[in-house]
Amino acid sequence: MAIRLTDSLSRKVRELQPGSPDGKFRFYNCGPTVYGPAHIGNFRTFVVNDLIRRLLELEFGADNVIHVRNITDVDDKTIRRSREENRSLSEVTGQWIDKFHRDCEALNCLPPTIEPTATSHIGDQIAMIAELIRKGHAYATPEGSVYFKVASFPEYGRLSRLKERELKLGATVKPQDRDADEKEDGSDFALWKAWKPEDGDIAWDSPWGRGRPGWHIECSAMSRKHLGDTIDLHTGGVDLLFPHHENEIAQSECCTGKPFARHWYHSEHLLVDGKKMSKSLGNLYTLDDLTAKGFSPAAIRYALLAGHPRKQLNFTLDSLHAAEKALATLRHYRERLPETGGSPDTFAPVFEALHDDLNTPAALGALFKVVNHGTEGVDRAGFDRVMFALGLRLDDEPRVEIPPQIRELAEKRWAAKQQKDWPTADALRAEIQAAGWQMLDRRDGYDLQPLKA
RNA sequence: GGCGCGGUAGCCAAGUGGUAAGGCCGGGCUCUGCAAAAGCCCUAUGCGCCGGUUCGAUUCCGGCCCGCGCCUCCA
């Protein structure tokens, strides 16, 4: 069953198919800039992309999916952070790359096939810039910067449909680029940035002097290097539509003369409390912020998938509670399932929904419809395939530290219960509850949970 | 000003020209020393407002109201 996905360029829902004869599906996903911990909004994009990755694997086979996700490890923000902390750039980016990897793992995102960094592809970027200059699509300034000449690419603006880019009345007026007067045209964007004092020792040699690459060129260069001139799918958050992806198209197509990506996909942003996340509103969550509140990464992933990826999702703590409960239901359901013997078609509606432009809410609805129907005709193999597609790890229960004194009271109560000393057992239960914990008896033991607020 | 998205039960959220999936919360029941957990069952005559098209609209068209995002480096 083909995967159908909205294409941001044609604005149509189109099938995903490998475009090259080798049958490999080439997938490029714009990754993070590593200057701090990624927030939950960033992770929505990565979780959605992980869902795409998983569906592609199921559709074409794991060996036939080449998934590239870059890491931007040199730009204004990373350089600024390095200066502020008086540490080397690689020290700063290394720290946050590690953190990003740990967070992705916690959220059960499959690692990309290739994860190139901008700094390890400086030569490729320089080569591409040189080619653009040679073909008349870019120019160097006396200061040693290189800009892409937007006017040289008539197709510019096709993706974002922003042909007229002058500031209109009512638009947020932003301070002009300090390099504005170097450019031939205000729309031109930097391919290479000449060294400035605040860049410190962060610079590479180039035919235009010392400096560093502009942001957009890295994706064009790394995508080309690892996936070829034309790729099958290019994705990112909606904010990247303009200017980042628009610029990538311009650079790549002017360089190669071939279509850059056969399919574009952009996932929508996350809102918190109905507003865009921002530090001033105090509604910016990192993964650690949420796990510190006792939520499991699996529940966070579930909550991120609970809304349609192309719709703004209002992320709330409530949705995390709901996710945690829903996962518990799935966990218990799975326990009641036989290993094999189920009908292979049971979960077809779930996959149909996922293949229909990543309709995750409909897929979860279809999943629970099966669950509510009982275990008849269902087996773990089929169920686990769904869990794989969604990337939901059912063994990922929220973990909380149990204080020793609570553990001690629980042991005493368990002993009293074994003696059928009910008054003592009840007294201890009350004591444990007064301390904010709840004791859940099982046949063969007990669990302890913090009391719900 | 331009581009785009959305307003469906207490909360979240799919969906369809023919009478509303699913999750959470809430309620009931079963089970169980107690308490939970788990399982089972129930929970929108209604889909922002006003018109129109239609045998029939939440779903199509028009108008209005409200909310949100983007418009040069933010996933």
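The sequence lines fix the lettering, A, B, ..., with proteins before strands; numbering per chain opens at 1.
Summarising the base pairing, B:A9 is matched to no nucleotide, lacking a Watson-Crick or G-U wobble pair whose two defining distances lie under 3.5 Å. The base-pairing partner of B:G1, taking Watson-Crick or G-U wobble contacts with both distances under 3.5 Å, is B:C71. Base pairing annotation: B:U58 forms no Watson-Crick or G-U wobble pair, as no partner gives both donor-acceptor distances under 3.5 Å. The partner of B:A38 is B:U30, by the rule that a Watson-Crick or G-U pair needs both atom distances under 3.5 Å.
What separates OH of A:Tyr147 from C1' of B:U72 is a distance of 12 Å, to the nearest Å. Computed from coordinates, the A:Leu241 CG to B:C74 P distance equals 15 Å when rounded to whole Å. Per the geometry, OH belonging to A:Tyr302 stands 10 Å off C1' belonging to B:A13, to the nearest Å. With rounding to whole Å, A:Leu330 atom CG is found 10 Å from B:G39 atom P.
Salt bridge present: A:Asp76 and A:Lys193 bring a charged side-chain N and a carboxylate O closer than 4.0 Å.
Within the 4.0 Å cut-off from OP1 or OP2 of B:G4, at least one side-chain nitrogen or oxygen of A:Arg11 is found. A:Lys77 has a side-chain polar atom (N or O) that falls below the 4.0 Å cut-off from OP1 or OP2 of B:C74. Here A:Lys311 reaches the OP1 or OP2 of B:A14: one of its side-chain N or O atoms lies under 4.0 Å away. Between B:G22 and A:Asn372, no contact under 4.0 Å exists linking OP1 or OP2 to a side-chain N or O.
With ring centers used as reference points, A:His216 lies 6.0 Å or more from A:His245.
With the nearest nucleotide of RNA chain B identified for both A:Pro423 and A:Val238, A:Pro423 has the one nearer the 5' end. Looking at which nucleotide of RNA chain B each of A:Leu240 and A:Val371 is closest to, the 5′-most match is held by A:Val371.
For the residue pair A:Tyr265/A:Asn49, the side-chain donor-acceptor check at 3.5 Å is not satisfied.
When the side chain to side chain donor-acceptor pair (under 3.5 Å) test is applied to A:Arg11, no partner is found at least two apart in sequence or on another chain.
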